[in-house]
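These notes are about the structure you will find just below.
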Amino acid sequence: MGNPTQYPRIVVHPPALDGSRRVTDGDAVLGIATHLDDVVEILRLADLDTTEVEVTDIVDWQGGGPDDWPGLSEHHERHEDHEDHEQP
């Protein structure tokens with residue numbers, strides 16, 4: 001009985017406090033993503049070239065989907081508000 005073909009199991013972990021998400025393949029950390037485009041690039045560098053990371057079966061989105069980057073967006077909004085209130 002042969003071994004079944006194993007496909008990579010890429011996990012995009014729940015967002016950290018800063019909004020970044022760790023991307024792993026098993027025990028190996030492939031990179032840290034701060035945006036969906038980062039996930040695409042991390043997978044490309046790992047020779048897992050796919051542009052549709054939102055719907056592929058090899059990516060397991062944990063703690064939120066591909067549109068969930070809460071810490072980063074909240075930080076970005078606070079930064080923009082701060083810039084709006086600065087005097088020249």
*Applying side-chain contact (heavy atoms from CB on, under 4.5 Å), name anything that partners Ile32, two or more places apart in sequence or on another chain.*
Ser20, Arg22
*Working to the nearest 0.5 Å, report the span between CG of Leu48 and CD1 of Ile42.*
11.5 Å
*Validation row: Arg21, Val39 side chains within 4.5 angstrom (heavy atoms)*: no
*asked:* Side-chain heavy atoms nearer than 4.5 Å, only ILVMFWY residues, links allowed to pass through others: does that put Leu30 and Leu45 together?
replied: no
*Taking all non-hydrogen atoms of both residues, which atom of Leu36 and which atom of Trp69 are closest, and how far apart?*
N-CZ2, 3.4 Å
*Kindly write out the residues that satisfy side-chain contact (heavy atoms from CB on, under 4.5 Å) with Gln62, not counting sequence neighbours, or none if the list is empty.*
Arg9, Val11, His13, Pro14, Asp60
*For residues 26-38, pull every pair meeting salt bridge (Lys or Arg N to Asp or Glu O under 4.0 Å), keeping only residues two or more places apart or in separate chains.*
none
*Is there a side-chain contact between Ile10 and Val53 (heavy atoms, below 4.5 Å)?*
no
*Indicate, with yes or no, if Val23 and Ile58 share a hydrophobic cluster defined by side-chain heavy-atom contacts under 4.5 Å among Ile, Leu, Val, Met, Phe, Trp and Tyr.*
yes
*Taking all non-hydrogen atoms of both residues into account, name the closest pair between Gly63 and Pro15 and its distance.*
O-CD, 3.5 Å
